[in-house]
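Shown next, in structure tokens, is the structure this report addresses.
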Amino acid sequence: QVQLVESGGGLVQTGGSLRLSCAASGRTYSRSAMGWFRQVPEKEREIVASISAIGAIGGSTFYADSVKGRFTISRDNAKNTVYLQMNSLKPEDTAVYYCAAWSRTFPTGNPEYWGQGTQVTVSS
């Protein structure tokens with residue numbers, strides 16, 4: 001069982017930055033791939049970024065093309081926390097952002113665990 005609690009988010013202007021945090025609890029955190037998704041009303045939830053489990057052989061990060069070069073996902077093992085650093089924000093980045101965890105090493109298939117979501121709004 002993995003529980004996720006997001007924090008961060010807010011209202012920023014175009015070009016601004018935000019850092020989202022996701023505190024994870026559970027015995028299997030270190031073995032779980034983690035990621036961030038976002039969703040706009042009446043649209044499909046889309047993956048933003050993901051990161052493989054701690055110590056995963058051949059592990060890597062993944063970024064959606066729309067955020068590549070602007071967003072960075074990372075994890076602090078000591079704090080069991082995953083971050084999403086968002087820079088050069090654009091209005092189209094406005095969405096509810098969800099932290100997610102997979103019950104496996106790599107982020108394949110659908111995540112099993114979700115956070116409550118945090119709103120990110122970018123004004124033009």
Side-chain angles (χ1 to χ4, degrees):
Q1 181 69 36
V2 176
Q3 295 182 325
L4 308 173
V5 180
E6 297 125 320
S7 62
L11 174 64
V12 298
Q13 295 182 347
T14 297
S17 299
L18 284 174
R19 187 184 70 168
L20 306 182
S21 299
C22 174
S25 62
R27 292 161 38 249
T28 62
Y29 164 78
S30 64
R31 295 162 55 189
S32 299
M34 304 289 294
W36 290 93
F37 290 71
R38 66 186 182 187
Q39 186 170 23
V40 176
E42 300 186 340
K43 291 187 177 180
E44 294 291 323
R45 186 173 298 184
E46 63 177 2
I47 190 168
V48 175
S50 65
I51 186 168
S52 299
I54 298 171
I57 299 176
S60 62
T61 55
F62 166 83
Y63 297 96
D65 289 341
S66 59
V67 307
K68 192 173 299 182
R70 299 187 297 119
F71 291 9
T72 302
I73 187 171
S74 62
R75 57 197 302 169
D76 186 325
N77 300 338
K79 297 181 178 180
N80 284 7
T81 301
V82 178
Y83 302 96
L84 183 68
Q85 179 66 47
M86 305 184 293
N87 298 324
S88 302
L89 284 163
K90 307 174 181 179
E92 50 263 44
D93 294 319
T94 295
V96 176
Y97 284 71
Y98 297 89
C99 181
W102 288 259
S103 59
R104 48 196 167 276
T105 303
F106 298 99
T108 57
N110 296 320
E112 282 73 30
Y113 307 99
W114 295 91
Q116 79 283 359
T118 184
Q119 177 70 46
V120 172
T121 302
V122 184
S123 62
S124 59

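Note that the numbering runs from 1 along the sequence shown for the chain. What you see is a predicted model, and the numbers here were worked out from it, not measured in a lab. Keep in mind that the numbers below use all heavy atoms, side chains included, and drop hydrogens, waters and symmetry copies.
Without hydrogens or angle criteria, Ser124 side chain to Pro91 main chain gives no donor-acceptor distance under 3.5 Å.
Taking both residues in full, the closest heavy atoms of Trp102 and Gly109 are given as NE1-O, 2.9 Å, listed atom of the first, atom of the second, then distance. Counting all heavy atoms, side chain and backbone alike, Ala95 lies closest to Val40 at CB-CG2, 3.9 Å. Here the closest non-hydrogen pair linking Arg75 and Ser52 is NH1-O, 2.8 Å. A pairwise comparison of heavy atoms in Arg38 and Ser66 identifies NH2-OG, 3.3 Å as the closest pair. In this structure, Trp36 and Ile73 approach most closely via the heavy-atom pair CD1-CD1, 3.7 Å. Nearest heavy-atom pair, Ser88 versus Asp93, reported as atom, atom and distance to 0.1 Å: O-OD2, 4.4 Å.
When Met86, Gln85, Arg70 are each tested for a side chain to side chain contact (heavy atoms under 4.5 Å, CB included) with Ser17, only one passes: Gln85. Considering Thr94, Val96, Leu20 as possible partners of Val120, the one that fulfils the side chain to side chain contact (heavy atoms under 4.5 Å, CB included) test is Leu20.
Considering only heavy atoms from C-beta on, Pro111 stays 4.5 Å or farther from Tyr98 through its side chain.
Within 6.0 Å of the CD atom in Gln116, the count of heavy atoms belonging to other residues, nucleotides or ligands exceeds 12.
Between Tyr97 and Phe71, the angle of the ring planes lies from 30° to 60°, which puts this pair in the tilted group.
One distance of note links OG1 of Thr72 with CG of Leu84; it measures 8.0 Å at 0.5 Å rounding. With values rounded to the nearest 0.5 angstrom, Ile54 atom CD1 is found 9.0 Å from Asp76 atom CG. Distance CD/Gln3 to CG/Asn80: 12.5 Å, rounded to 0.5 Å.
Under 3.5 Å, the side chains of Ser103 and Glu112 contain a donor-acceptor pair of N or O atoms.
Trp114 and Tyr83 are members of different hydrophobic clusters when ILVMFWY side chains are connected at heavy-atom separations under 4.5 Å.
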